[in-house]
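In what follows, a structure is listed as structure tokens, so that the remarks can point back to it.
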Amino acid sequence: MSRDVTLSLHDTSTRKKRAFEPIDPANVRLYACGPTVYDFAHIGNGRTAVTFDLLFRVLRYVYGDDHVTYVRNITDIEDKIMDRAKRDGVTIRELTNGTAKVYQNDMAGLGCMPPTHEPRATDYVDGMSKMISRLVDLGHAYEAEGHVLFDVSSDKNYGCLSGRSLDDMIAGARVEVAPYKRNATDFVLWKPSDEDMPGWESPWGKGRPGWHIECSVMGEHLLGETFDIHGGGIDLAFPHHENEVAQSSCAHGGATLANYWMHGGFLQVGGEKMSKSLGNFMTVHDLLGEWPGEALRLQMFMTHYRQPLNWTGDSVSEAKRILDRWYESTAEVGDVTADDVPESVTSALLDDLNMPQVLAALHKLCGESQKGSAEAARALKASGQLVGLFGQTAEEWAAWRPAMSNVDDAQVENLIAARKQARDEKDFAEADRIRDELNRLGIEIKDGPDGTTWTFTSMWGQ
Ligand code: AMP
Ligand code: ZN
């Protein structure tokens with residue numbers, strides 16, 4: 001049933017690329033930490049979702065579509081969510097129903113398949129309070145001033161994922177440590193809620209769960225005590241994932257939480273992490289109004305998932321142009337399957353999702369297809385589909401227009417006709433001026449034997 005190939009994945013906990021061996025090839029289990037839905041997702045969040053969607057697709061390719069379970073959770077209780085709901089005069093459920101839906105649509109726009117399960121933290125509070133009680137009973141957690149804290153000193157393995165020593169972590173802990181903490185590095189499992197705040201009854205009074213316990217409980221419920229791969233953006237390796245490991249393995253008699261840990265690099269702007277707090281972010285929602293989702297997705301694939309990706313409009317433009325070519329070269333290809341994907345592509349993909357190398361193979365196939373190889377065109381389409389591209393027909397692709405553009409097709413056609421007339425009259429200065437004007441509208445033209453064709457490549461200048 002599964003293909004006889006070796007998938008190598010870089011594992012954060014051993015800092016090595018390791019051959020992937022699933023616990024059960026009939027049910028390969030993957031958990032990736034999803035968003036906190038208080039607002040629109042930015043394209044950095046999108047990058048991490050695309051990385052794990054790619055992994056999901058590769059696992060399905062190797063083990064079969066029905067043999068991979070992918071969980072991407074939704075954190076729908078958090079202080080920022082409570083603040084936003086209060087500001088807008090709605091319940092947290094009302095707010096997060098809306099933001100979670102937008103998130104799902106945005107990720108679909110980036111070509112991400114729906115995960116197998118998309119649990120919401122607030123549906124698992126009961127399980128969280130049970131796991132916390134177990135940790136208290138086992139002496140790994142303690143109650144203090146309405147809070148329940150994990151006692152880091154009770155876990156000799158604490159720090160095993162990130163490889164940090166306790167001394168480093170103490171030095172890194174915030175200068176101002178809450179007075180009720182026994183150790184500076186102890187973290188919150190449960191916190192009290194005031195009367196007017198959302199909260200749940202618990203053995204420690206009305207309160208709400210901390211962030212880390214959410215993933216431990218949703219993972220346990222949907223994937224079991226030990227599963228194959230756990231991932232997220234690199235910012236989550238410490239403390240979020242370290243804390244998940246501590247909670248889960250202490251609650252499960254020392255069982256390993258996940259056999260492989262994968263972390264994606266940051267999407268950056270001018271060398272800095274894109275984040276809401278820095279204010280240097282672009283939402284996926286807005287970008288999908290300016291670009292086809294596949295161009296955003298391909299732009300991400302140009303950088304290896306573990307490397308930082310520098311976000312620029314130019315690179316999305318380039319991705320759009322590449323896709324224009326690829327769609328054109330594969331326009332005549334009928335249905336293809338994963339069996340049409342050539343070894344040059346699968347070997348790169350199976351080598352820790354080496355997408356830059358996959359893209360080099362695809363460029364080569366495009367070149368061969370332009371020279372007339374129908375087999376190369378087939379291989380290109382099948383490979384693109386395997387990584388979540390070519391989701392539409394060549395006609396649909398050519399008909400794409402940015403939702404946010406105010407340029408209409410007739411205006412473009414008129415300018416192209418005026419340019420042709422200028423050229424016919426040998427007024428090349430005027431012809432060039434019109435070409436520049438089109439470029440300013442984000443339109444690139446190509447003169448061919450059958451006349452001039454055009455495509456949108458960017459939105460600037462409008
Ligand atoms: P958050 O909503 O901040 O909890 O983040 C949701 C997911 O997006 C997590 O897996 C984060 O690691 C990831 N993430 C946040 N910012 C970035 C970024 N600039 N680049 C890549 N991933 C990010
Ligand atoms: Zn998590």
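Counting starts at 1 for both ligands and their atoms, in listed order. Residues take their numbers from the sequence shown, with the count starting at 1.
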Ligand 1 atoms in contact with [X] (distance to a heavy atom under 4.0 Å):
| X | answer |
| --- | --- |
| M274 | 16 (N), 18 (C), 19 (N) |
| C33 | 10 (O) |
| P35 | 2 (O), 6 (C) |
| L236 | 9 (C), 10 (O), 12 (O) |
| F266 | 18 (C), 20 (N), 21 (C) |
| G34 | 6 (C) |
| G265 | 21 (C) |

Mode of D235 contact toward ligand 1 - side chain, backbone, both, neither (heavy atoms, under 4.0 Å):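 Near ligand 1, D235 shows its side chain, while the N, CA, C and O stay back.
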Per-residue contact class, H42 against ligand 1 - non-hydrogen pairs under 4.0 Å: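 Answer for H42: side chain.
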Side chain or backbone, does [X] bring an N or O within less than 3.5 Å of an N or O on ligand 1?
| X | value |
| --- | --- |
| T36 | yes |
| W211 | no |
| G233 | yes |
| L267 | yes |
| G44 | yes |
| S275 | no |

Donor-acceptor contact below 3.5 Å, side chain D53 vs main chain M113: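 Here the side-chain-to-backbone pair exists.
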Donor-acceptor pair, side chain of N243 and main chain of F187, under 3.5 angstrom: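 Flag not set: sc N243 to bb F187 has no pair under 3.5 Å.
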Any [X] heavy atom less than 4.0 Å to ligand 1:
| X | value |
| --- | --- |
| A32 | no |
| A49 | no |
| Q268 | no |

Carboxylate-amine/guanidinium contact K130 D126, below 4.0 Å: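 A salt bridge links K130 with D126.
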If you draw the axis of the six-membered ring of [Y], does the NZ or CZ of [X] fall within 45° of it and under 6.0 Å from the ring centre?
| X | Y | answer |
| --- | --- | --- |
| R3 | Y63 | no |
| R29 | Y31 | no |
| R72 | F52 | no |

Distance from atom 22 (N) of ligand 1 to nearest protein heavy atom, with residue and atom: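 Going by distance alone, atom 22 (N) of ligand 1 is nearest to T48 OG1, 2.7 Å.
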Atom 14 (N) of ligand 1: the protein heavy-atom neighbour that sits closest, reported with distance to 0.1 Å: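 The closest heavy atom on the protein side is N45 ND2, 3.6 Å.
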Candidate pair H241 and H263, rule ring pair (Phe, Tyr, Trp, His ring centres under 6.0 Å), full reasoning: CA-CA 10 Å; H241 289 159; H263 291 100; 4.9 Å; yes
Residue pair V188 / W190, side-chain heavy-atom distance below 4.5 Å: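 SC-SC contact between V188 and W190 ruled out.
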L55 vs L30 side-chain heavy atoms within contact, under 4.5 Å: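 The answer is yes; the side chains approach within 4.5 Å.
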Of all N/O/S atoms in E244, the name of the one nearest the Zn ion (ligand 2):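 This residue's closest N, O or S atom turns out to be OE2.
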[X] and [Y]: side-chain donor and acceptor closer than 3.5 Å?
| X | Y | result |
| --- | --- | --- |
| D314 | T312 | no |
| S8 | D352 | no |
| S216 | E244 | no |

Angle subtended at the Zn ion (ligand 2) by H240 NE2 and C33 SG, rounded to 10 degrees: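 Answer comes to 120°, rounded to 10°.
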Shortest non-hydrogen contact between D186 and N183, atoms and distance: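 Looking at all heavy atoms of both residues, the shortest contact is OD1-ND2, 2.9 Å.
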The Zn ion (ligand 2) contact by H241, N, O or S atom under 2.8 Å: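 No.
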H212 backbone or side-chain N/O/S under 2.8 Å from the Zn ion (ligand 2):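 No, since none of the N, O or S atoms of H212 sits under 2.8 Å from the Zn ion (ligand 2).
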Chi angles and distances behind the side-chain contact (heavy atoms from CB on, under 4.5 Å) call for D76, Y38: CA-CA 8 Å; D76 60 353; Y38 65 96; over 6 Å; no
